[in-house]
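Below is one structure, written out as C-alpha cells; comments come after it.
The basis for the numbers below is simple: all heavy atoms, side chains too, and nothing from hydrogens, waters or symmetry mates.
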Amino acid sequence: MSEDNRARLLLTGSTGFLGTALVDCLVDDTRYQLVAAMRRERGNLASGLQSILVGDLEASTDWTLALSGVEVIIHTAACVHVMNDSDNDSFIEFRRVNVEGTLNLARQAAAAGVKRFIFISSIKVNGESTPLNQPYTSEDDPAPLDAYGISKREAEDGLYKLAEKTGMEVVIIRPPLVYGVGVKANFLTMMRWLNKGIPLPLGVIHNKRSLVALDNLVDLIVTCIDHFAAANQTFLVSDDEDLSTTELLQHMAIALGRPVRLLPVHAGLLKAGAMILGRREAAQRLLGSLQVDISKTKKILSWTPPLGVNEAFKKTAEDFLVRYKH
C-alpha cells in the first residue's frame, strides 16, 4: 500500500506505557501512517515515527497542525496522578487535563473531519470493586468513586454528546490493571518482592480480579481503528481469565523462576491490619474483587485476547529480569 493511501493516525501519550507499545505495533504497519503528538521535543523517537509538537493537554491547546489529514485519533494521554493530596485540587487537575483537554482535542478533531476518536478510559468509571463473580459490564450505570474515575466518566459523556452533534465516531475502551513489558507502579513492586523471595501473607486469598496484558490491550485498540462495528461503542477489556491475588502471585513467581513463598494468613486479619494502618485502599486492591465481562467486546468485534495469561506473565517477567538484573 502506498503512503498516500495509508490512513493517517494521531496518537497522544506516545511516550507512556501504553503509548510506547502502540508505537512499536503501528509504526511499521503498512496500513497506517502514524503521527505522535508530543508535549516536548524528544530525541529518541522510533525510526520512521513522525511527530508534531503540541505542548500540554489543555483546554487551550491548538491542535491544528497535528490534525491535518488525520482520520483516526488514539487518545491515551491523561493525568493519572496528582501530587497534591487535597481532594479539591485533585478534582481540578484531573478535570483540567482529562476532561477539558480531551474535549478540546475532540472538538477540534470533529471540525477537522476526523472520522473516529478512540478514547482510552478506565474501569474506574464503573467503580472500584465487584462482588465475587458479578463482573462489571459496559452497560452498567457508571459509579466512579475517585477524582480520576469521575474525570474519565465526564470525558466519556462529553465525547458521546459531541459524537451525536457532529457525527464523529467515538470508541471508548475501559481497561482494568494493565501489565506487561515496562510495567511500573504496584505491579513492578510486586515482582521485586517475588524476585527477592520475600514471604508474603497472601497465600489464601480467594478474590478474583481481571487484568489485561499490554499486548492484548494494544491488539484491541488496533482492532478498533477501522472495525465498522466499533463505532460509538464502549468496550471493557481483559485477559478473559480472572485470577485471585494468590494465583497472580503464584503465576508471576513461576514466570520469574522463583520459589512461591506465600503465608496462609486469613483475609479478615489482613483487612483489619490494613484498617489500623490506614491502608484501606491498598487492602481493597489485594483482597477485594474487580471483574469485568468482555463478552460484548468479543461478540461485536469477533475479538479474543491473543495472549494467554501464562505467556503474558512470562514476557513481563523476562523483561523485568533483563531490566533489573543488577
Side-chain angles (χ1 to χ4, degrees), residues 1 3 5-58 61-80 97-98 101-122 152 155-156 159 162-163 168-175 178 180-184 212-227 230-231 235 237:
M1 185 180 293
E3 182 171 318
N5 292 327
R6 290 187 294 166
R8 188 172 175 87
L9 311 179
L10 179 67
L11 173 66
T12 71
S14 61
T15 60
F17 177 48
L18 175 57
T20 300
L22 281 164
V23 169
D24 291 342
C25 177
L26 291 169
V27 71
D28 294 323
D29 193 318
T30 57
R31 298 171 295 173
Y32 308 116
Q33 185 182 17
L34 184 64
V35 180
M38 308 295 290
R39 293 177 60 193
R40 58 183 65 89
E41 295 285 356
R42 296 179 69 99
N44 58 343
L45 297 179
S47 176
L49 177 65
Q50 298 181 47
S51 66
I52 295 180
L53 192 66
V54 297
D56 292 330
L57 181 64
E58 296 179 338
T61 305
D62 184 352
W63 292 89
T64 304
L65 292 178
L67 290 170
S68 178
V70 168
E71 295 182 38
V72 177
I73 293 174
I74 305 174
H75 184 45
T76 76
C79 176
V80 180
V97 177
N98 297 344
T102 293
L103 296 182
N104 171 55
L105 167 58
R107 284 190 290 267
Q108 293 184 49
V114 172
K115 296 178 181 178
R116 179 169 289 187
F117 193 103
I118 301 174
F119 179 59
I120 309 305
S121 186
S122 169
K152 285 292 192 176
E156 288 186 11
L159 287 171
L162 187 66
M168 181 177 69
E169 297 172 351
V170 168
V171 181
I172 291 171
I173 299 173
R174 296 180 190 160
V178 185
V181 171
V183 70
K184 293 181 171 61
V212 63
L214 182 61
D215 288 1
N216 289 336
L217 178 55
V218 166
D219 189 79
L220 177 63
I221 294 169
V222 173
T223 298
C224 289
I225 290 173
D226 51 21
H227 197 299
F235 297 113
V237 60

Legend entry - Validation row: Val114, Gln108 side chains within 4.5 angstrom (heavy atoms): no
Legend entry - Asn104 side chain vs Thr61 backbone, donor-acceptor pair below 3.5 Å: yes
Sequence neighbours left out, cut at 3.5 Å: what donor-acceptor pairs do the side chains of residues 64-74 make with other protein atoms?
residue: Thr64; atom: OG1; partner: Asp62; partner atom: OD1; Å: 2.5

Legend entry - Ile173 vs Leu217, side chain to side chain contact (heavy atoms under 4.5 Å, CB included): CA-CA, chis, key distance, verdict: CA-CA 9 Å; Ile173 299 173; Leu217 178 55; 4.0 Å; yes
Inset, instruction - Can you sort out the partners of Glu156 under side chain to side chain contact (heavy atoms under 4.5 Å, CB included), two or more places apart, ordered by chain and number? - result: Phe119, Ser121, Val125, Ile172, Arg174
Legend entry - Nearest heavy atoms of Ala21 and Val218, plus distance in Å: CB-CG2, 3.8 Å
Legend entry - Closest heavy-atom pair and its distance - Val181, Phe17: O-CE1, 3.1 Å
Legend entry - Heavy-atom pair with the smallest gap, counting every atom of Leu103 and Ala155: CD2-O, 3.8 Å
Inset, instruction - Could you grab the distance from atom OG1 of Thr102 to atom CD of Glu58, nearest 0.5 Å is fine? - result: 12.0 Å
Legend entry - NZ-CZ distance between Lys115 and Arg8, expressed to the nearest 0.5 angstrom: 14.0 Å
Legend entry - Ile221 and Leu22, any side-chain heavy atoms less than 4.5 Å apart: yes
Inset, instruction - Would you mind reporting whether Arg116 and Ile225 have side-chain heavy atoms less than 4.5 Å apart? - result: no
Legend entry - Nearest-0.5 Å distance that lies between atom SG in Cys25 and atom CG in Asp215: 8.5 Å
Legend entry - Ile52 side chain reached by Val35 side chain, heavy atoms, under 4.5 Å: yes
Inset, instruction - Kindly indicate, with the supporting measurements, whether the criterion side chain to side chain contact (heavy atoms under 4.5 Å, CB included) is fulfilled by Leu26 and Val222. - result: CA-CA 8 Å; Leu26 291 169; Val222 173; 3.9 Å; yes
Legend entry - With sequence neighbours excluded, residues passing ring pair (Phe, Tyr, Trp, His ring centres under 6.0 Å) with Phe235: none
Legend entry - Closest contact, heavy atoms only, Trp63 versus Ala37: CZ3-CB, 3.6 Å
Inset, instruction - List the atom of Leu214, the atom of Gly180, and the distance in Å for their closest heavy-atom pair. - result: CB-CA, 4.2 Å
Inset, instruction - Quick one: pull up CG in Asp56 and CZ in Arg39 and give me the separation to the nearest 0.5 Å. - result: 4.5 Å
Legend entry - Heavy-atom check, side chain of Val23 versus side chain of Leu34, under 4.5 Å: yes
Legend entry - Point-to-point distance, once rounded to the nearest 0.5 Å, from NE2 of His75 to CD1 of Ile120: 9.5 Å
Legend entry - Min side-chain heavy-atom separation Thr12-Val54 under 4.5 Å: no
Inset, instruction - Working to the nearest 0.5 Å, report the span between CG of Leu105 and CG of Leu10. - result: 7.0 Å
Legend entry - Closest non-hydrogen atom pair, Val178 against Val183: O-CG2, 3.9 Å
Legend entry - Asn98 side-chain N/O to Cys79 backbone N/O, donor-acceptor pair under 3.5 Å: yes
